[in-house]
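Contents: one structure, followed by commentary.
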Amino acid sequence: MNHPILVAENITKRFGAFVALKNVSVAFEAGRLTAIIGPNGAGKSTFFNVLTGAFAPTSGNVNYDGHDITGKKQHEFARMGIAKSFQITNLFPQLSVLENVRVAVQMRHSRFQLLTPRQSMKGLIDQAEGLLNLVGLSSYSSQTARDLAHGQQRCLEIAMALACDPKLLLLDEPTAGMSPEETLVMMDLIVRLADQRTVILVEHKMKLVMGICKRIIVLHHGEFLAEGTPDDVRANDEVKRVYLGQSI
Amino acid sequence: MSETNIRRRKLLLSAAAAATTPFWINSVRAQEGPIRIGYPVPLTGPYAAEAKDQVQGAELAIMEFNESGGLNGRKCELLVRDTKLSPGEAATRTLELIEKDKANFIVGSLSSSVQLAVNNVAKERRIIYSSISQSDTINEVKDWSPYTFHEAMNPTMTAGAVGRYVFPKYGKRIAFLTADYAYGHEMVKGFQRAGKPFGVETLIDIRHPIGASDYSTFLPRIMSLKPDILFFCNFGRDLISSIKQAGDFGLKNNTRFVTPQLTLTARLAGGSDVFDGVIGGATYYWRLEDTVPSAKAFNDKYRKAYAGAVPSDFSALGYSSVRAILTAARNAGSTDSDKVSTALRQLKYDFTKGPEYYRNCDHQAVQSVLVIESKSKNMKDKNDVFDIVAIEKPDESHLRSCQELGHKA
Amino acid sequence: MEGAPSRTPYRLIATQVSRHRVAAVIAFLVVLPWLTPSHALAANILIFGLYAVGFNLLFGYTGLLSFGHAAFLGSGSYATGVVMVHYGWPWWLAIPAGITLAALIGLCMGYLVIRSRGIYFAMVTLALGQCVYFAFYKAEAITGGENGLRGVNVETIDLLGWKLDFQDPITKYFVMLVFVAAALWFVSRLLASPFGAVLESVRENEKRAAACGYDVARTKLLAFVISAAICGLAGALRALHLSIVPIDSLHYLTSGQVVMMSLLGGMGTFFGPFVGAATILWVEDVATILTKSWQLVVGVIFIIFVLFFPRGIWGSFLHWLGRR
Amino acid sequence: MTDLNLLLLQTVTGIALGSVYALLAIGLSLIFGMLTVVNFAHGAYFMVGAYIGVYVLSATGSFFASLLAVFFSTGLFGLLTERVLVRPLYGRGPDYPLLLTFGLSYVIIDVIRIIFGVEGLQSSTPAALQGSVNIGIGYFPIYRLFLIAAAAVIITALWLFIEKSRYGLIIRAGARDPEIVRILGIDVAKVWLLVFGLGTAIAGLSGVLAAPIRTVTPEMGIPVLVESFVVTVVGGMGSIGGAVIAGLLVGVVYSLTALYAPALAELSIFALMALVLVVRPQGLFGREGLME
């Protein structure tokens, strides 16, 4: 087993009286494509938000590369090499597709530079164009982001997430609301991305992840249920019971 | 039409405009054409009624001047501008009046801050400004200039006269409810200055924010001190609100309410019950006609011009300030600032309320001060709301001395 | 958008104007004094236009609606006035003093408000703006309190032996225009810079900007301070223009005025603030002569724009040009 | 009068003052909690309430009639405002209704000036409530005691309406999540309309209640707006209980500062607000995250 890059220890998250996550401990291996699955209300998204720092856990902590990152600010995650895409499309809607990625790329180079024209920083534009190429959006670079089709917007978001050259990429239901064709394109892209970095994927549709993931974690009612290879999970009685009636 | 065409036309137009606009606007003031008096007053906002009176008074003076032949045939016109009671707005309007309208004189304003703003703009450009709003600051050497005249009374005179009337009559233990700005502070100083010879004791001086809507929080403490006299050193709506609320607290039962400046407009807005028995000072009150001939003459002219209306303090100030300047211009035979300034200094006049003149060192109009009491009974008509209880004759010794103000003379 | 092909002459003009936006605005400002009914009005448009430019940097480009910007206009004016009146500083040194104080107050205020968002931001800036108002109001010995500060007088400007009559309205206007032009150049560069891109991204989507690795709070704070400094410069010029500093320059209605100007002109556009300032001041100037109900006129125009032309005058015009 | 009595009297004064603040803030908070609209014309509705109240009082002689007239007329005015002006702006971001109501306040003030003149109206205390009475710690105006009672009645009525009635249930649910209300098959637009009208009606009521102690002028709503903002920020936007408690708190803080350092009274409420912002940015009773 590779060394774990991200470790969640005893995560509990309460919203008032409601317990969304109960004592969940999971270690994610470096270089793997791991999926977190579970039926509706399993606490997947809450878990994702705790992992990416959007929510502070009520108790427990998250370690990244041996450092405790619980309670760190959002922007610090990107700077440490953790990138994410959101469940609901989250772009800069009125900016051009290229500018969306260019701004994301810029983060590592210039944050408080006041007087240099951004158009003169050719290197950044080239990098952004490279990323657009990777996700297949080169021909849309001058369009406004909000005018893209849904699937393209999701791809754009991935390009933006990649802009900080992350070691760890977390994706929250990247294929939500996509057509079957778009889903295929996205899955293909995710597999390609997983070659070079650790990818953690939250997914509702179990079928999708079975073919591509090395490791799967199953949550249920806010608790850890099972973990293992797709085959292990498929064979697990508990999981079967939870996904009652669904073909796995 | 294409965009470029429009642009070219605009450019041509502005070039033409540039050609006709002289760059030396500032250097020579018109000695020909009509005499222009710029008149920045708060036409809109809370003191619009007072401003209207000021305008009517000024227009009456100008009508008379023009009917009597003007300055060697040169007629006068009044350029009324709205200050919105804002010093910034007033400064802009004054700049416009001087730079664009070539006003020969500036008269007007109705607040301490506005008159100081107008004065600063006018004096920098050596234009005579006659202020018709109360202020002590404008007399002081820092704001004053040879072109600054102050037609209105100042707090030292007003509060002094009222104080000298009330202290012997109503008692020496006094309290103040003061609007926290120059006008209020100056009035307090005026009362205390007048009270010194009487040995009055100031129990408390509470400063309230200007424009406050609720005065209740200041009243229990005043009540607990049981003063003989409570001075309301505030103006307009603040005065009405605070007098009303103090009355509600039952303060009036043991304490006499006094305010430095009791105006007809405030009294009519507040009502007879609220003001009943309140004593205050006034520049002018129309019942002066019973004793002063010039007041009778002024009232008659005013009634005739404005459908029977009686002039208020502000009408009288507007009238006498404009008439004084025009008389001085006639005496000087010119509208030149320096010549008219000299003529004003030499002027002795009686336009509305008995003899007046401008003190040489600070150009303060030395005049009589009326002390009036608000009544709720025996009223002849709706404007008969005050009794004149005392008149203090014009007397320089009641003013702060020239040295005190920082003047040499 | 950049690189979009300009097919029609309208688009061509739009592209050209936006490419040389600083030059275009300055060209307009150079001829402005001959278009307005009075030179004093032109100077006010110049000053309030710059005030709106500063405000627009925050509202239009960063998406933060402040209702406390009078604090910066006013403190800029006061600092300039106070060092001239009480300490005898020359005018050219007093202007940076105004900018500095406005920026400092911006830093303090920004530190307190930057955590709040949306509508809350508007309300808190309003209340803090009132705090600044009271502070200056109470410091009567320095600021003149309610009376305002008088005596910010400049008679002539000595430019290496070349004497300029600052009382001449045109000379005064062009001296002020030099400062405004410099500020416009700075703002234009800023907007085109990488930091400008971060501002836009914060406006567009704060969450996303943070996920990209930008410290949203610090970015906003810096924008807040720069915006304050520009408004401070506008205030400094206003003190010189009027030769007084009125206390109502700190009042919340002065904050509201700049909000109206920005929205009416077109927020998030470079020229919009000047269009808005010119429109409101002009309408006020004209409406005051025609009717006492100038506030009604201004209010109704404003409501119509909020309802039907949220892009503002200039924004709608650009939009129309772009669609031709 | 002993010092303790003075302190108590000052506190009662503060409560009377605070009950006006509380009423004002409730209306503002109600509208915000439900519609996320900050009503910048709130002070203008307060002023309109005072004008209509004084006018009806002088026409009918009945203070009670003037209260009713104001409640329904300013309420109706609010309904119209929401329906015609505010509704088209939903979904365009919270800034737009704010800007619209800011412009609207300009218009309302000037319209009142045109109808009633710029000088303001004379407003006198209803005959039965004139004078002052000894409340054990000193004399206190009867009308201000009435004001405290009236505010208590209005607040209780509103509380009963919100907690016990069917509409109240919808309002509470809607404030948490408009989606839920929509799913329940209720026309959210109607609920919002009603809430806006209710908020403005309460603003109008506070205006007519304050009229006898203040001067009724077109500009009387301007300082009131800022003060009610301070109260809602302290209490927490969208929290009705917070508005009441913060209103009273601000009144008492103002009053006690006025006793010891009158010059700082006005500043004190802003200092209180700044303190609350630093310690608890969402306000004393505000829910976290509502502002986002």
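Chain letters run A, B, ... following the sequence lines, proteins first and then strands; every chain starts at 1.
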Note to self: Is D:E266 close to chain B through its backbone or its side chain, or both, or neither, when contacts mean heavy atoms under 4.5 Å?
What the structure shows: side chain
Margin query: When you compare the side chains of B:K244 and D:S123, does any donor N or O come within less than 3.5 Å of an acceptor on the partner?
Written below: yes
Next item on the list: Evaluate the side-chain proximity of B:S213 to D:M220: yes if any heavy-atom separation is below 4.5 Å, no if none is.
Entry: no
Next item on the list: Run the numbers on D:L9 and B:M223 for side-chain contact (heavy atoms from CB on, under 4.5 Å), then give the verdict.
Entry: CA-CA 11 Å; D:L9 195 59; B:M223 274 198 314; 4.0 Å; yes
Notebook entry, point to check: So which heavy atom on B:A49 is nearest to which on D:V118, and how close?
Noted result: N-CG2, 4.5 Å
Item checked: From OG (B:S224) to CG (D:N5), nearest 0.5 Å -> 10.5 Å
Notebook entry, point to check: With side chains defined as the heavy atoms from C-beta onward, is the minimum distance between D:Y139 and B:F249 less than 4.5 Å?
Noted result: no
Next item on the list: Let me know if D:T215 has heavy atoms under 4.5 Å from chain B in its side chain, its backbone, both or neither.
Entry: both
Checklist line | Winner by heavy-atom pair count (cut-off under 4.5 Å) against chain B, out of D:P212, D:G14, D:G251, D:G117 | finding: D:P212
Item checked: Side-chain (D:Q10) to main-chain (B:F218) donor-acceptor, under 3.5 angstrom -> no
Notebook entry, point to check: Contact part of B:L219 toward chain D, heavy-atom cut-off under 4.5 Å: side chain, backbone, both or neither?
Noted result: neither
Note to self: Between D:I222, D:L17, D:I213, D:L256, who has the most heavy-atom pairs with chain B when the cutoff is under 4.5 Å?
What the structure shows: D:I213
Note to self: A side-chain contact here means heavy atoms from C-beta on lying under 4.5 Å apart; do D:R144 and B:D214 qualify?
What the structure shows: yes
Checklist line | Selection from B:A212, B:G250, B:A269 maximising heavy-atom pairs under 4.5 Å formed with chain D | finding: B:A269
Notebook entry, point to check: Is there a donor-acceptor contact under 3.5 Å linking the side chains of B:T217 and D:T13?
Noted result: no
Check: Between CD of D:Q122 and CD1 of B:I240, what distance do you get to the nearest 0.5 Å?
Finding: 8.5 Å
